[in-house]
Amino acid sequence: MNKCVVVQARRCFGLRLAVAAVMAALLLLALGYWWLDNLPHELFGTAMFVLLGWHVHTKRNWFRNLARGRYGVRRTLIVAFHLALILNMLIVLVTSLFVSKSIFVALGLPNSPLVSEIHWFSA
């Protein structure tokens, strides 16, 4: 194998690992809403969703290949888990637009206690 290909693969793996670590740290920071106040919560959450969008974009082949191949128990469970996680992240993203008090307040979306409860429950 070519030495440059190995170095590039390690660099790519290192970047993916770093992005995953930063996303995990941002998630933990965003969950500290009561200690950090609203603006940092929204900033950390927005940054996490930007990185999540980049992650989904780089893994778009995974979505393309969902209909291909055989489904055993393991693959079915993995796909079901990922689809549930995707649904949860979409719920958090949509409800965050409605409950925003700092970043997306200019959108003027109506907020209700039910939407806030859904956002809290999904996070």
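One-based numbering along the sequence shown. Below, each value reflects all heavy atoms present in this structure, side chains not excepted, and no hydrogens, waters or symmetry copies.
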Look up atom [atom1] in [X] and atom [atom2] in [Y], then write down how far apart they are to the nearest 0.5 Å.
X	Y	atom1	atom2	result
Leu52	Thr46	CG	OG1	12.0 Å
Leu87	Ser122	CG	OG	8.0 Å
Leu97	Leu107	CG	CG	6.5 Å
Ser112	Ile118	OG	CD1	7.5 Å
Met89	His82	CE	NE2	12.5 Å
Leu26	Leu43	CG	CG	10.5 Å

Hey, quick one: are [X] and [Y] part of the same hydrophobic cluster, counting side-chain heavy atoms closer than 4.5 Å, chains of contacts allowed?
X	Y	answer
Val99	Val105	no
Val50	Val56	no
Ile91	Phe104	no
Leu90	Leu27	no
Leu31	Phe121	no

Exercise. Can Met23 and Val19 be said to form a side chain to side chain contact (heavy atoms under 4.5 Å, CB included), step by step?
Worked result: CA-CA 6 Å; Met23 285 173 51; Val19 168; 3.9 Å; yes
Validation row: [X], [Y] side chains within 4.5 angstrom (heavy atoms):
X	Y	answer
Val92	Trp120	no
Phe81	Leu77	no
Phe63	Ile86	yes
Val115	His119	no
Leu36	Phe44	yes
Phe98	Pro110	yes

Sub-3.5 Å donor-acceptor pair from the side chain of [X] to the main-chain atoms of [Y], do we have one?
X	Y	answer
Tyr71	Val79	no
Thr58	His55	yes
His57	Gly53	no

Heavy-atom closest pair, residues [X] and [Y]:
X	Y	answer
Ser100	Glu42	OG-OE1, 2.8 Å
Arg75	Leu66	NH2-O, 3.6 Å
Gly45	Ala30	N-CB, 4.1 Å

Seminar exercise, completed: Hits for side-chain contact (heavy atoms from CB on, under 4.5 Å) against Tyr33, two or more places apart or cross-chain, chain-then-number order -> Asn38, His41, Lys101
For this session: Kindly write out the residues that satisfy side chain to side chain donor-acceptor pair (under 3.5 Å) with Asn88, not counting sequence neighbours, or none if the list is empty.
Result: none
Exercise. More than 12 heavy atoms of other residues, nucleotides or ligands under 6.0 Å from CZ of Arg74: is that the case?
Worked result: no
